[in-house]
Student: 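Below you'll find the structure I mean.
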Amino acid sequence: MKKLIISVSFGLSMSTTLLCMPATSNTIPEPKRADSCSTDNLQKHQKIISKLFKSAIKTNPSINKSYQTYLANKKLEQADIASYFPSLSASAKYLLPTNDYGNSVNWDPDLLEYSSSNYYYNYSYSPNISLEISMPILDLVKVFSTKQLKDNSYSLDYAYQGTLKDIMQQTLNNYIDFQLLIENTSIAEGIVDEFELITSTQKALLEEGFANMLDYVIQNNTLLTSKAKLAARKKDLENAISQIKYLTSIHLKLDQDFVPLPSPLCIPKVQSLEILNASAEKNYEKLSELRWRLKSLSNQANAALSTYAPKLKAGYSLSYFEQNGNINGYSKYGEKYSNFTGSPYISVEMKFNLAGGDYLQYQSILLQKESIKSAISETAEQVSNSMQHSINATNTSRDNFSIYAKQYETSKQAISVLKYAVDTGFVEASAFNQLQNSYFASVSSAAKELGYLLKAYVNINRLSGETGESSFPFKLYLPQEAQ
């Protein structure tokens, strides 16, 4: 091995160290990104994403919780509708034998004296039976409460759909990270292998006296930095896999589920902010949920005011009463008394809370309505801002990706030239490190920009409800098998 020192004087003495190294393997893998929309790859993505979505719908606890809440309110709605039909009530009461005895003192006007007598009754009741069938005729509180329950069902339905879409969006974002991080990890491993070779060579030269300590320390620091970056990407990849499993109960495998992500050229163009905001106004579940909650509160307010209105109920009542035993006190135990009655009726009920509790409740509901109106305006503004940010991200990330892709190609070509220099026997120690770092940085940055672009597209699709091109799988949808 040789060391060549070249000194060039410009007022200061500078030295550049050129190292003669063994030929490198140049094992750093190239990104496996498709340059165009590969139908096969898009179909593979579609298959994996569909599998994740279907599993999330079946197993995700947040989705199940939201769906069960919706179903519970639907049962309340059905129970309320059933209350409009006639209802039947029945009762039967049986009393044990009764002993009734005592003494009475009475004034006798004919004899002009008091007289006393003892009495004793012993009797029993047969089961006394009553039946009543009734149904409401007019109950405004009930009418508005029924409307409120129906509005709640719509609101909870949109809440469920929103939870479903939120989980799908989180799943897609982590899936994008999963695919990008596999590629980044592979590249980082290749760079570490290259730096391991260079560092071991530099150490050998140092031990033989053909390299200085500074060159070795710089090279070793480069190696340690690359190892730290590799460890960080592996950890991020583990987190992405773990998060996908939490959301969908599916554990993605590195060797089986890696599919190259499409280039920005494949990602459909998005529409203008005005069109997307109009779509979000119509399709975004959170806005629809809030609007139905506002309508529900309106009916709740009407129900509170209607407590002052009369309630009408119609029905038919039947009763049977029977008494046996010593009824009149004559020590005769064969006496019997029975009565059967049946009559239709109409009842009117009115309620007045003298402290004004119902009206205070009405005022409270009005304030809740104002709060919901503010929430609607706030949510619409947040959606518009998020939409604008995502549109900007799609444009910026497309441009940045092109820049980093060019940087990647330049670094790749320079590394090939440098490899030729290594193979011929002479190379500058720091040049190879700088080019490898530049190569890694460009690939990592391009991957991040592609991730930003895909996630921005997913977010636009999430907020606007527009599915985009049917062949492009990076969107939110309900798999046919799960419908």
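These numbers come from the heavy atoms of this one structure, side chains and all, not from hydrogens, waters or symmetry mates.
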Student: In Å and rounded to the nearest 0.5 Å, what is the CD to OG distance from Gln43 to Ser38?
Tutor: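 Gln43 CD to Ser38 OG: 8.5 Å, rounded to 0.5 Å.
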
Student: Is a donor on one side and an acceptor on the other found under 3.5 Å between the side chain of Ser226 and the backbone of Leu223?
Tutor: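 Yes, the answer is positive, given that a donor and an acceptor are paired below the 3.5 Å cut-off.
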
Student: Got a donor-acceptor contact below 3.5 angstrom from the Ser390 side chain to the Met387 backbone?
Tutor: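 A pair under 3.5 Å: no.
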
Student: Mind checking the CD-CG spacing from Glu289 to Asn152? Nearest 0.5 Å is all I need.
Tutor: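 Between atom CD of Glu289 and atom CG of Asn152 there are 10.5 Å.
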
Student: Quick check for you: to the nearest 0.5 Å, what is the distance between Leu453 atom CG and Thr396 atom OG1?
Tutor: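 These two atoms lie 10.0 Å from each other.
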
Student: What I want to find out is whether Asp157 reaches Lys74 closely enough, with some N-O distance under 4.0 Å, to be called a salt bridge.
Tutor: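 The answer is no: the pair does not qualify as a salt bridge.
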
Student: Check Ser444, Ser397, Ser402 against Glu449 for a side chain to side chain donor-acceptor pair (under 3.5 Å) and give me the one that passes.
Tutor: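 Of all the options given, the one that passes is Ser397.
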
Student: Which is it for Tyr404 and Asn400 under the side-chain contact (heavy atoms from CB on, under 4.5 Å) test, yes or no, and what are the steps along the way?
Tutor: CA-CA 6 Å; Tyr404 290 126; Asn400 288 346; 4.1 Å; yes

Student: For Val383 and Ala280, work out which heavy atoms get closest and say how close.
Tutor: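 For Val383 and Ala280, the tightest heavy-atom pair comes out as CG1-CB, 3.7 Å.
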
Student: Return yes if some donor-acceptor pair links the side-chain N/O of Asn73 with the main-chain N/O of Leu156 below 3.5 Å, else return no.
Tutor: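 A pair under 3.5 Å: no.
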
Student: Do Ser296 and Asp151 get their side chains close enough for a donor-acceptor pair, meaning under 3.5 Å?
Tutor: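 Per modelled atom types, Ser296 and Asp151 side chains form no pair under 3.5 Å.
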
Student: For the residue pair Met135 and Lys313, what are the closest heavy atoms and their distance?
Tutor: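 That closest heavy-atom pairing would be O-CG, 3.5 Å.
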
Student: Ignoring hydrogens and geometry, is there a side-chain-to-backbone donor-acceptor pair from Ser298 to Leu294 under 3.5 Å?
Tutor: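 Checking the backbone N and O of Leu294 against the side chain of Ser298, a donor-acceptor pair under 3.5 Å is found.
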
Student: About how many Å separate CZ of Arg233 and CG of Leu180, when rounded to the nearest 0.5 Å?
Tutor: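 Taking CG in Leu180 and CZ in Arg233, the distance rounds to 11.5 Å.
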
Student: Compare every heavy atom of Gln179 with every heavy atom of Asp257, then report the nearest pair and how far apart it is.
Tutor: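 In terms of heavy atoms, the two residues are closest at O-NE2, 2.8 Å.
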
Student: Look up atom CG in Asn64 and atom OG1 in Thr163, then write down how far apart they are to the nearest 0.5 Å.
Tutor: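 Taking CG in Asn64 and OG1 in Thr163, the distance rounds to 11.5 Å.
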
Student: Regarding Lys147 and Glu77, does a basic nitrogen lie under 4.0 Å from an acidic carboxylate oxygen?
Tutor: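 So Lys147 does not pair with Glu77 through a salt bridge.
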
Student: What are the two closest heavy atoms between Ile176 and Gly451, and how far apart are they?
Tutor: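 So the two residues come closest at CG2-CA, 4.0 Å.
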
Student: Do other residues, nucleotides or ligands put more than 12 heavy atoms under 6.0 Å from Arg293 CZ?
Tutor: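 12 or below, so no.
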
Student: Considering non-hydrogen atoms only, spot the tightest contact between Phe474 and Leu261 and give its length.
Tutor: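 The answer is CZ-CD2, 3.5 Å.
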
Student: Cut-off 3.5 Å, side chains only: do Tyr216 and Thr199 have a donor facing an acceptor?
Tutor: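 Note: Tyr216 and Thr199 side chains miss the donor-acceptor criterion.
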
Student: Is it the case that more than 12 heavy atoms not belonging to Lys448 sit under 6.0 Å from its NZ atom?
Tutor: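 Open.
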
Student: We want to know whether Thr59 and Ser249 form a side-chain donor-acceptor pair, criterion being a heavy-atom distance below 3.5 angstrom.
Tutor: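 There is such a pair (donor and acceptor under 3.5 Å, judged by atom type) between the side chains of Thr59 and Ser249.
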
Student: Begin from the C-alpha positions of Ser386 and Leu463 and carry the test side-chain contact (heavy atoms from CB on, under 4.5 Å) through to its verdict.
Tutor: CA-CA 9 Å; Ser386 181; Leu463 296 175; 3.5 Å; yes

Student: Show which side-chain atoms of residues 239-248 pair as donor or acceptor with protein atoms under 3.5 Å away, not counting sequence neighbours.
Tutor:
{"from": "Asn239", "atom 1": "ND2", "to": "Lys235", "atom 2": "O", "distance (Å)": "3.4"}
{"from": "Thr248", "atom 1": "OG1", "to": "Ile244", "atom 2": "O", "distance (Å)": "2.7"}
{"from": "Thr248", "atom 1": "OG1", "to": "Ile250", "atom 2": "N", "distance (Å)": "3.2"}

Student: Does any donor atom in the side chain of Asp80 or Ser145 lie under 3.5 Å from an acceptor atom in the other side chain?
Tutor: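 Asp80 vs Ser145: no donor-acceptor pair found between side chains.
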
Student: Over all heavy atoms of both residues, which pair between Leu450 and Ser263 is shortest? Give the atoms and the distance, please.
Tutor: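 Reported closest heavy-atom pair: CD1-C, 4.4 Å.
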
Student: Determine, step by step, whether Asn221 and Val217 satisfy the side-chain contact (heavy atoms from CB on, under 4.5 Å) criterion, reporting the C-alpha distance in whole Å, the side-chain angles of both residues, the deciding distance to 0.1 Å, and the verdict.
Tutor: CA-CA 6 Å; Asn221 286 342; Val217 170; 3.6 Å; yes

Student: Could Glu281 and Arg291 be called an ion pair, given the rule that one side-chain N must be under 4.0 Å from one carboxylate O?
Tutor: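 A salt bridge is present here (some side-chain N lies under 4.0 Å from a carboxylate O).
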
Student: Identify whether NZ of Lys or CZ of Arg in Lys286 sits under 6.0 Å from the centre of the six-membered ring of Tyr158 and within 45° of that ring's axis.
Tutor: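 Judged by the rule (NZ or CZ under 6.0 Å from the ring centre, within 45° of its axis), Lys286 is not positioned above Tyr158.
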
Student: How many angstroms lie between atom CZ of Phe258 and atom CZ of Phe178, to the nearest 0.5 angstrom?
Tutor: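 With rounding to 0.5 Å, CZ (Phe258) is 9.0 Å from CZ (Phe178).
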
Student: Given Glu285 and Lys165, is the salt bridge (Lys or Arg N to Asp or Glu O under 4.0 Å) satisfied, shown in steps?
Tutor: CA-CA 9 Å; Glu285 296 83 8; Lys165 295 292 181 65; 3.3 Å; yes

Student: Between Tyr452 and Phe401, is the ring centre distance below 6.0 Å?
Tutor: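 No, they do not, as the ring centres are separated by 6.0 Å or more.
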
Student: Testing Leu181, Thr185, Asn184 one by one against Asp236 for a side-chain contact (heavy atoms from CB on, under 4.5 Å), which residue passes?
Tutor: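 When side-chain contact (heavy atoms from CB on, under 4.5 Å) is applied between Asp236 and each of Leu181, Thr185, Asn184, only Leu181 qualifies.
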
Student: Is a side-chain N or O of Ser279 found less than 3.5 angstrom from the main chain of Ile275, in a donor-acceptor match?
Tutor: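 Confirmed, Ser279 side chain pairs with Ile275 backbone.
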
Student: Taking the six-membered ring for Trp, are Phe53 and Tyr477 ring centroids under 6.0 Å apart?
Tutor: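 Yes - the distance between ring centres of Phe53 and Tyr477 falls below the 6.0 Å cut-off.
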
Student: Could you walk me through whether Glu274 and Asn277 pass the side-chain contact (heavy atoms from CB on, under 4.5 Å) test, one step at a time?
Tutor: CA-CA 5 Å; Glu274 291 74 16; Asn277 279 341; 5.9 Å; no

Student: Return the set of residues passing ring-ring contact (aromatic ring centres under 6.0 Å, His included) with Tyr160 (not counting sequence neighbours), or none when no residue passes.
Tutor: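 Tyr160 satisfies ring-ring contact (aromatic ring centres under 6.0 Å, His included) with Tyr67 once adjacent residues are dropped.
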
Student: Keeping the roles fixed (side chain from Asn302, backbone from Phe144), state whether a donor-acceptor pair exists under 3.5 Å.
Tutor: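 A pair under 3.5 Å: no.
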
Student: I would like to know whether Asn174 and Gln170 meet side chain to side chain donor-acceptor pair (under 3.5 Å); could you show each step before the answer?
Tutor: CA-CA 6 Å; Asn174 281 280; Gln170 294 176 43; 5.8 Å; no

Student: Can a donor-acceptor pair be found, under 3.5 Å and without considering hydrogens, that links the side chain of Thr307 to the backbone of Ala303?
Tutor: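 Not at all, since once roles are kept as given, no pair shorter than 3.5 Å links the two residues.
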
Student: Is Ser377 reaching over with its side chain to a backbone N or O of Lys373, donor-acceptor style, under 3.5 angstrom?
Tutor: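 Such a contact is found between Ser377 side chain and Lys373 backbone.
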
Student: Answer yes or no: are there more than 12 heavy-atom neighbours, outside Tyr359 itself, under 6.0 Å from its atom OH?
Tutor: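 No, not enclosed.
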
Student: Any donor and acceptor pair, going by atom type alone, linking the side chain of Ser66 with main-chain N or O of Ser62 inside 3.5 Å?
Tutor: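 No.
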
Student: Kindly indicate whether the side chain of Lys44, heavy atoms from C-beta on, has any atom under 4.5 Å from the side chain of Asn41.
Tutor: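 Yes, close enough: below the 4.5 Å cut-off.
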
Student: Tell me if a side-chain donor or acceptor on Ser445 pairs with a main-chain N or O of Ala441 at a distance below 3.5 Å.
Tutor: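 Side chain of Ser445 to backbone of Ala441: a pair is present.
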
